[in-house]
Amino acid sequence: MSTPIIDARPHERRELIAVLQRMLPAGALLSEQEDLRPYECDGLSAYRELPMLVALPDTVEQVRAILAACRERGVPVVARGAGTGLSGGALPNPNGLLLSLAKFNRTLQIDENNRTARVQPGVRNLAISQAVAPFGLYYAPDPSSQIACTIGGNVAENAGGIHCLKYGLTVHNIQSLQFLTMDGSLITVGGSALDAPGYDLLAFMTGSEGLLGVVVEITVKLLAHPERAQVVLAAFDDVEKAGNAVAAIIGAGIVPAGLEMMDNLAIRAAEQFVHAGYPVDAAAILLCELDGVNEEVSEQILQVREILKQCGATESHTARDERERTLFWAGRKAAFPAVGRLAPDYYCMDGTIPRKHLAQVLRRIGEMSADAGLAVANVFHAGDGNLHPLILYDASKPGDLGRVEELGARILELCVTVGGTITGEHGVGIEKINQMCVQFPAPALAQLHALKHAFDPDGLLNPGKAVPTLQRCAEYGAMHVHGGSLPFPDLERF
Amino acid sequence: MNDAYDSSKELQAQVHAAIHSGEPLQISGGGSKSFYGRATSGTCLAAHSHRGIVSYDACELVLTARAGTPLKQVEAVLAERNQMLAFEPPHLGESATLGGAIATGLSGPRRPYAGAARDFVLGVKLINGHGEILSFGGQVMKNVAGYDVARLMVGALGTLGVLLEISLKVLPRPATELTLVQHRTPDEAIEVMNIWARRSLPLSGCCYDGDRLYVRLCGAGSAVRAAHDKIGGEILANAHEFWQGLREQRHAFFDGSLPLWRVAVPPAQPPLDLSGKWLIDWGGAQRWLKSNADAATIRRAAAECGGHVTLFRGGDRGEEIFHPLAPELFSLHRRIKNAMDPKHIFNPGRMYPNL
Ligand SMILES: Cc1cc2nc3c(=O)[nH]c(=O)nc-3n(C[C@H](O)[C@H](O)[C@H](O)COP(=O)(O)OP(=O)(O)OC[C@H]3O[C@@H](n4cnc5c(N)ncnc54)[C@H](O)[C@@H]3O)c2cc1C
Ligand SMILES: Cc1cc2nc3c(=O)[nH]c(=O)nc-3n(C[C@H](O)[C@H](O)[C@H](O)COP(=O)(O)OP(=O)(O)OC[C@H]3O[C@@H](n4cnc5c(N)ncnc54)[C@H](O)[C@@H]3O)c2cc1C
């Protein structure tokens with residue numbers, strides 16, 4: 001958070017620049033402070049660090065050479081896609097090199113018969129679906145950030161989206177990966193045939209937050225566009241009733257393509273921002289999308305509307321046409337930036353809980369929000385119990401961020417208490433590193449470190465993220481015993 | 001469950017003993033898939049005693065059970081609430097356990113349309129090679145805290161640890177299923193299965209026996225009828241037995257003593273030029289081959305089109321059963337094995353020699 005001294009090790013830095021300049025094309029290495037500035041943070045802008053250097057290679061050989069040069073000198077490497085991550089996963093290391101994959105932006109092959117596409121990691125999520133649209137195919141995971149985020153970043157975070165309730169997360173929608181380990185080995189896992197031999201490293205790499213290898217190629221699975229998609233919007237005068245409706249829909253044996261919920265603060269923000277036609281006085285709305293074969297969608301819409309009525313929906317509408325359907329979703333997809341207009345800053349949380357605790361957890365979050373004097377808007381993937389409480393604050397007010405982080409930590413710990421997890425799709429990064437100590441006991445963390453060691457024995461890839469050291473957990477435990485807000489705001493964080 | 005029993009402490013004690021003596025353990029679930037994988041030796045660790053459903057909440061679509069729970073019991077409990085394991089795990093014997101199903105990572109006919117065993121695993125509790133009982137993943141649909149050790153265990157054949165508990169995502173059973181049959185040549189069959197997969201059709205199985213193409217549709221009654229109109233074909237009367245027979249390898253195709261190979265290729269790959277009898281499943285993605293052709297020839301043919309093969313049954317079980325891995329990938333496997341099981345006590349050599 002403080003401005004780092006970028007040449008803490010001036011001699012090593014100069015030497016590394018000289019070596020890298022020899023192997024990279026002109027303009028592919030940034031070392032001036034003003035050029036480094038755009039890379040100082042990802043979507044979690046509360047954390048900022050200038051990297052020692054930024055490299056923008058465009059071939060696998062260049063990446064391999066960069067890794068070799070860094071490894072030889074013990075310089076940490078942080079991979080970066082589009083920098084939309086919300087947990088500080090791509091936060092630079094002040095003594096390290098930031099490896100941008102932005103130039104790896106080509107779609108290498110579309111195999112329409114086998115329904116796959118081979119792409120480079122810097123290709124944007126939405127660009128894949130656009131490239132394969134002429135074949136009637138699409139790539140299913142659709143994070144709200146899909147215009148900007150890269151498929152490499154999606155793999156590293158195991159990103160989800162509105163439609164992952166039915167179609168799964170990134171891990172369910174990729175078939176093969178190629179990655180470089182820190183020692184320069186180019187490893188292919190998965191393949192164009194299903195269920196490859198050996199350990200499931202395709203799954204293991206997914207969600208590993210850039211700590212195990214640098215992904216340089218991805219083969220994604222493509223799906224046929226459903227014949228029809230239809231969305232129902234329902235309003236409730238009570239959040240608890242909306243939560244019960246979610247359980248009732250799933251309990252009836254329906255698996256909607258998407259089932260999303262927003263609370264009043266989020267509804268008002270989104271409505272002001274995109275004029276989606278949301279009922280602004282509702283306590284909560286549900287968006288339930290049904291897709292598939294025409295006849296089935298018709299049947300399920302009737303079923304869902306009946307369930308919604310029984311669960312006490314004050315109103316429900318089926319989108320009249322594709323335009324209105326897109327509009328209903330536009331409000332949801334823009335919910336983060338919309339809420340962002342309500343206050344100078346917002347902090348997005350990402351816990352997942354068993355659905356049955358939805359109402360109870362929302363009530364507790366409301367109470368904690370009131371106690372902390374910080375407004376919280378709730379937007380979430382209700383169908384899979386993935387909450388995104390957005391805490392509103394003002395970073396320029398001294399002490400505000402500290403209180404926000406404290407409230408966020410309590411919310412995540414509540415998620416763990418009811419049997420859930422501290423992160424559903426945004427990753428641990430640097431942000432939830434302390435909460436990992438709450439979710440995992442020391443031997444489990446030691447096991448994760450041993451696995452990291454199998455890929456990266458020197459610990460040079462994205463150090464300090466995702467899995468806390470046992471020492472760090474001991475300190476965090478001690479801080480907790482002292483209670484209240486974090487007593488050492490300036491404690492070493494990296 | 002009346003016969004539920006928690007034997008984790010006994011299993012843990014046996015693992016500790018093995019760590020001290022250095023004598024490897026052969027983990028056994030129900031022993032139903034002991035033909036699969038490479039032949040190994042060691043003291044038996046009988047995981048089937050650790051059984052029982054730990055929790056099941058139909059509205060959450062999540063079931064957690066101990067690894068030794070009979071697969072039959074898991075399926076019966078789900079059926080009471082009109083739900084299922086959508087990856088249709090093959091039992092391959094009466095005694096099959098949930099742990100064995102996850103450790104082998106095998107999936108049935110629905111796999112290309114619904115997902116594989118690993119796609120439904122949400123979390124596991126295991127004993128690692130230090131004898132510690134650890135949990136990874138969880139019981140919620142989305143969880144990216146920590147590396148995905150739960151999915152790493154799927155298909156690892158017990159070489160990385162003893163599975164104690166497994167949490168799975170389960171799905172509602174489709175309201176209707178209908179199987180249609182068409183006569184096709186091999187080339188046509190593969191082509192048409194892949195054309196269907198590129199359309200919005202409610203597919204849940206596609207199999208070809210050299211003459212007849214079987215396609216299973218599922219979903220709302222109206223949707224299945226509409227799909228029937230689109231693709232045509234005769235309705236198969238005893239469809240349930242057919243798909244179960246395919247999953248359980250009970251069809252006449254599987255009889256006889258010739259080695260059985262599982263050939264995985266990109267689904268639209270035209271028929272491979274290898275001698276033997278073929279049965280095509282998974283819409284073209286999994287092809288069973290009964291053949292005397294030598295292993296190297298079969299492996300080469302599959303690898304040339306981006307595929308891989310497994311010697312599923314028969315043949316020489318002391319030799320390579322699974323498709324050989326590239327050297328750098330294999331050495332990564334060794335390092336992962338060392339990270340989970342540093343003393344190499346769990347099923348050594350079951351998957352690959354020296355692993
Ligand atoms: C408005 C908004 C909405 C969002 N909505 C969603 C949502 O609905 N669902 C969701 O899941 N996420 C969402 N996100 C979070 C974010 O978009 C995702 O985590 C995304 O996957 C990050 O992709 P990226 O390319 O921006 O990666 P970055 O932020 O650049 O990096 C993320 C992590 O991936 C690593 N990484 C990147 N590329 C590689 C590579 N090639 N090899 C190895 N490691 C790599 C980085 O080191 C870092 O740890 C949202 C973010 C914003 C700002
Ligand atoms: C001396 C000796 C004694 C034996 N004693 C028994 C016995 O008492 N009971 C018995 O059933 N068989 C016994 N067997 C049979 C032997 O265990 C099987 O041939 C073989 O080891 C595996 O059976 P199975 O696990 O494949 O069955 P499946 O349940 O089909 O298991 C398939 C695979 O999954 C693995 N696996 C199963 N459960 C787990 C788990 N919980 N965690 C991790 N991996 C798992 C297995 O190791 C195997 O790789 C014995 C064999 C020998 C040589």
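Chain identifiers are assigned alphabetically (A, B, ...) following the order of the sequence lines, protein sequences preceding nucleic acid strands; residue numbering begins at 1 within each chain. All values below come from the heavy atoms of this structure, side chains included, with hydrogens, waters and symmetry mates left out.
- The contact between B/Leu332 and chain A is made entirely by side chain atoms (from C-beta outward), counting heavy-atom distances below 4.5 Å.
- Heavy-atom distances place both the backbone and the side chain of A/His172 under 4.5 Å from chain B.
- Residue contact with chain A, scored on non-hydrogen atoms closer than 4.5 Å, involves the backbone and the side chain of B/Arg198 alike.
- Neither the backbone nor the side chain of B/Asn338 comes within contact range of chain A; no heavy atoms are under 4.5 Å apart.
- Only the backbone of B/Val265 comes within contact range of chain A, with heavy atoms under 4.5 Å apart.
- Annotation: side chain of A/Val171 is in contact with side chain of B/Arg118 (closest heavy-atom distance under 4.5 Å).
- For B/Leu355, the part lying under 4.5 angstrom from a heavy atom of chain A is the side chain only.
- Neither the backbone nor the side chain of A/Leu223 comes within contact range of chain B, judged by heavy atoms closer than 4.5 Å.
- Neither the backbone nor the side chain of B/Arg81 comes within contact range of chain A; no heavy atom of the residue lies under 4.5 Å from a heavy atom of that chain.
- Between B/Gln139 and B/Val54, every side-chain heavy-atom pair lies at or beyond the 4.5 Å cut-off.
- In this structure, B/Val144 and B/Lys142 have side chains that are not in contact, with every pair of non-hydrogen atoms separated by 4.5 Å or more.
- A donor-acceptor contact closer than 3.5 angstrom links the side chains of A/Asp350 and A/Thr423.
- With a 4.5 Å cut-off on side-chain heavy atoms, B/Arg151 and A/Thr206 do not count as touching.
- If you measure heavy-atom distances from B/Ala285 to chain A, the contacts under 4.5 Å come from the side chain alone.
- Proximity to chain A (any heavy atom under 4.5 Å) is restricted, for B/Arg262, to the side chain, taken from C-beta onward.
- Heavy atoms closer than 4.5 Å to chain A are found nowhere in B/Thr310, neither backbone nor side chain.
- Both the backbone and the side chain of A/Glu227 have a heavy atom closer than 4.5 Å to some heavy atom of chain B.
- With a 4.5 angstrom heavy-atom cutoff, B/Leu325 touches chain A only via side-chain atoms.
- Only the side chain of B/Ala116 comes within less than 4.5 Å of a heavy atom in chain A; its backbone stays farther off.
- With contacts defined as side-chain heavy-atom distances shorter than 4.5 Å, the pair B/Gln83/B/Tyr56 qualifies.
- Inter-residue side-chain proximity for B/Ile298 and B/Leu289 is flagged as met; some heavy-atom pair is nearer than 4.5 Å.
- Here the side chains of A/Glu425 and A/His381 are in contact, with some heavy-atom distance below 4.5 Å.
- For chain B, the nearby parts of A/Tyr199 are the backbone and the side chain; heavy atoms of each come within less than 4.5 Å.
- Residue B/Ile195 does not touch chain A at all, counting heavy-atom pairs closer than 4.5 Å.
- Contacts of B/Ala302 with chain A are absent, with no heavy-atom separation under 4.5 Å from either backbone or side chain.
- With salt bridges taken as basic N to acidic carboxylate O contacts below 4.0 Å, one links A/Asp456 and A/Lys452.
- Between A/Leu186 and A/Leu180, some side-chain heavy-atom pair lies under the 4.5 Å cut-off.
- Heavy-atom distances place no part of B/Asn82 under 4.5 Å from chain A, backbone and side chain included.
- Proximity to chain B is limited to the side chain of A/Ile187, based on heavy atoms less than 4.5 angstrom apart.
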